[in-house]
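To find a chain, count down the sequence lines: A is the first, B the second, and so on, and within it residues start at 1. What you see is a predicted model, and the numbers here were worked out from it, not measured in a lab.
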Amino acid sequence: MAEAARVNPLVPQVGRITKIIDETPDVKTFHVTTETGKPFTPLPGQLAMLSLLDVGEAMFSITSQGPDHLELAIKKVGMLTDALHEAEPGQSVGIRGPYGNGFPLEMMRGKDLLFIGGGIGLAPVRSLINYCIEHRKDYGHLWIIYGARSPADLCFKDDLFNNWPKVENCRVDVTVDRGDDTWQGHEGFVPAFVEELNPAPEGKVAITCGPPIMIKFVLQSMEKLGFKDEQIVTTLEMRMKCGIGKCGRCNLGSCYVCLDGPVFTLAQLKKLPNEY
Amino acid sequence: MLKIGQDKLPELISAWAGGARVFVPQEREGTSIFTPWDGKGKLTLGQGNTLEPPKDLFFPRTEAMYRYQVNGPAATLETLPPLEEKRVLVGIRSCDARSLLIMDDVFLTRGYVDEFYRQRRENTRIVALACNEAQPACFCTAFGIDPGRAEGADVQMWPGEGGYLLEAITDAGKELLKQAGNLLEEAGNAHPPAAAAPGLQVDTGGVTEKLQRMFEHPYWTAVSRKCLGCGACTYLCPTCHCFDIQGENQGDSGYKFRCWDSCMFSEYTRMAGGHNPRPSKKERLRNRFLHKLQYFPERYGKFACVGCGRCLDRCPVNVDITRVIREVKEVTL
């Protein structure tokens, strides 16, 4: 039995949720561990297949990890995520992975990094931000530009306002589409905010993730600012079932996003069919 | 070269059935499929190819993978083992034999081996049957397949006068022929008959390269207009291998299984939240043809079509992959 469990990559490990953090009205971060500790050790940008055994299974980015747990920030959008949002600490889950290529750490080494996130799109990018903070000497200046619909919709507020601004050689700029009575920060959409902040492309790699419409306009802004396609990195989302390039559905041309992605440079994406 | 008379064929199947489950082409409720030989009825090894390909024997329609039991916040999980049954598949044609090599690429390479598929594949001996009668809808030679000699077979059979000629190809094949004992006779100087010329001819040369430049072409809107999205093509295709993972839940326990899925269905790519990268039949049909003729060749170095003709034969609206290949080659860019 144990032998078969080891060889069938589609069978999850049984884990449990140890902690749940309310990020926004519709996003929660779940800490997941197993009896034997951390389920696996992913690279930044890799994915995990998480399931509630009696509900269903879906692929999520891994937003961070600790010595004995993984963190997944999950927005409530469907049957499984609704059920996850009802769960309490101690809830059993199935978890398998890690899947995908992760961010190109070697290509980014020594460069200044510009992170541009929108809404829940900060979740996969955060794994890289935290990695760069842990390996601070290997990367240059870190600049995080992030936006959400409203102040309440900002994910990872503790990181945005407390932790990341204190990191050496790191800058954080936050915007919201529309503020409220107490909001004193910037108001406006992310792409316009990026243009306003006017980051210079020299020596930089830009990493962007957010809603498709935001990514579309951010890419136009980056082009205006003089960033080349090779300097822009994004991470894609697709429906997935197997995670290992066999079940078929997450293909972009002859690439499988679960295996060959989810991280692509814009130069790579432009060679693939525009079908995401 | 050995031979066997038609009348001795049931005895040969019985001899092999001693150590394995033997699957032969048979009619079941009006559909020709590969099923275990039950010793009844007429054993003909089929008139032409079976309606359903034998992929179900290696990649079943549904296959349970693990059971689970949820006890409040706790859960236990029990992995189900792959099938270990020994099998002999008799009467498979060259096209379907090639399809197994295509499935091998998917399930046995690129870092992950599918244990369920591997077990079934390794435990199945292949006895192929050459085609000596043309079928109206097949075109295997378009993909370099020899209808007279199957790739990957353990034993090759040819229809002969009043029976069949047989030749062992692999050691496992020699073992099978040895098991047959004196049912087989030396065929003397008999030669395999000439292979049938397939009913359809199409030249696939350059089609991959042409398709690489056709993703945005209006051709896909035109060709997909009549598609009903029924998925019959993917269901009958010997190389279509897309699957879903689903659960059957009763109270606190249940099991997870994988089952065939189809790129012709909108649910296939629809994400939670509603976004669908292939929202209409145009994108879905395009993906199916590009997968067969461009994406699979790019990834694995071979076409994911074997020219069996089942999809075009059974499509309710006559979407025809040979016609698509011809039209793609003629389209102006």
Side-chain angles (χ1 to χ4, degrees), chain A residues 1-17 49 51-58 75-82 87-94 211-212 237-256 259 272-276, chain B residues 65-66 68-82 106-107 110-116 118 215-216 240-247 249 251-254 256 258 261 263 267-278 283 286-287 290-291 294-300:
Chain A
M1 207 68 79
E3 177 73 4
R6 193 173 54 78
V7 296
N8 186 345
L10 301 179
V11 177
Q13 304 179 58
V14 174
R16 70 195 150 80
I17 296 170
M49 195 60 106
S51 55
L52 286 171
L53 289 166
D54 51 357
V55 182
E57 190 175 47
K75 185 168 173 167
K76 197 174 152 162
V77 289
M79 201 167 68
L80 172 65
T81 53
D82 281 357
E88 288 176 10
Q91 169 69 49
S92 65
V93 292
E237 193 174 40
M238 280 281 192
R239 184 166 195 171
M240 297 173 187
K241 286 285 181 171
C242 73
I244 56 176
K246 303 196 190 296
C247 83
R249 75 205 65 230
C250 73
N251 74 299
L252 264 190
S254 57
C255 279
Y256 285 109
L259 203 60
L272 292 168
N274 182 9
E275 200 173 47
Y276 44 88
Chain B
M65 296 192 298
Y66 57 96
Y68 60 83
Q69 174 83 42
V70 180
N71 300 309
T76 52
L77 200 143
E78 181 200 346
T79 303
L80 299 170
V106 175
F107 288 117
R110 305 295 165 124
Y112 293 94
V113 170
D114 188 292
E115 200 56 23
F116 287 83
R118 187 187 67 80
F215 187 80
E216 305 287 357
C240 274
H241 55 266
C242 290
F243 63 86
D244 192 2
I245 298 173
Q246 289 287 342
N249 194 61
D252 292 334
S253 63
K256 295 278 183 185
R258 68 157 163 213
D261 203 348
C263 60
E267 281 291 298
Y268 177 74
T269 46
R270 185 187 170 277
M271 283 183 254
H275 178 64
N276 193 342
R278 293 199 275 268
E283 292 85 12
R286 176 176 64 189
N287 184 69
L290 292 184
H291 184 239
Q294 180 197 334
Y295 303 157
F296 204 90
E298 285 172 351
R299 196 169 180 87
Y300 296 106

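- Heavy-atom pairs under 4.5 Å with chain B peak, among A:P273, A:A58, A:G94, at A:P273.
- Looking at B:R270, its side chain never comes within 3.5 Å of a backbone N or O of A:R239 through a donor-acceptor pair.
- Of the two parts of B:L290, neither the backbone nor the side chain holds a non-hydrogen atom closer than 4.5 Å to a non-hydrogen atom of chain A.
- Here A:I244 is the residue among A:I244, A:V14, A:T81 with the most heavy-atom pairs under 4.5 Å with chain B.
- Ranked by non-hydrogen atom pairs under 4.5 Å with chain B, the options A:C250, A:P12, A:C242 are led by A:P12.
- A:Y256 is not listed as a side-chain neighbour of B:R110, based on a closest heavy-atom distance of 4.5 Å or more.
- Residue B:R299 comes nearest to A:S254 through the heavy atom pair NH1-O, 2.9 Å, listed as atom of the first residue, atom of the second, then distance.
- The most heavy-atom pairs under 4.5 Å with chain B, out of A:K241, A:K246, A:R16, come from A:K246.
- Using a 4.0 Å cut-off between charged side-chain N and carboxylate O, B:D261 and A:R249 make a salt bridge.
- A heavy-atom distance below 4.5 Å is not found between the side chains of B:H275 and A:E237.
- A donor-acceptor pair is defined here as one N or O able to donate and one able to accept, closer than 3.5 Å; no such pair exists between the side chain of B:Y112 and the backbone of A:G245.
- Of all heavy-atom pairs spanning A:G248 and B:C242, the tightest one is CA-SG, 3.8 Å.
- Both the backbone and the side chain of B:E283 have a heavy atom closer than 4.5 Å to some heavy atom of chain A.
- Looking at A:L80, neither its backbone nor its side chain comes within 4.5 Å of chain B, counting heavy atoms on both sides.
- Counting all heavy atoms, side chain and backbone alike, A:D54 lies closest to B:Y68 at CA-OH, 3.7 Å.
- Using a 4.5 Å cut-off between heavy atoms, B:F215 contacts chain A through its side chain alone, with no backbone atom that close.
- With a threshold of 4.5 angstrom between heavy atoms, B:R258 approaches chain A through side-chain atoms but not through N, CA, C or O.
- The two residues A:L53 and B:Y66 make their nearest non-hydrogen contact at CD2-CE1, 4.2 Å.
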Quiz prompt | Verdict with reasoning, A:N251 to B:N287, per side-chain contact (heavy atoms from CB on, under 4.5 Å) | solution = CA-CA 9 Å; A:N251 74 299; B:N287 184 69; 3.1 Å; yes
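- When heavy atoms are compared at a cutoff of 4.5 Å, B:V106 approaches chain A by way of both its backbone and its side chain.
- Of the charged side-chain nitrogens involved, none lies within less than 4.0 Å of a carboxylate oxygen, so that A:E57 and B:K256 do not count as a salt-bridged pair.
- Of the two parts of B:F116, only the side chain, counted from C-beta on, holds a non-hydrogen atom closer than 4.5 Å to a non-hydrogen atom of chain A.
- Nearest heavy-atom pair across A:S92 and B:A75 is OG-CB, 3.3 Å.
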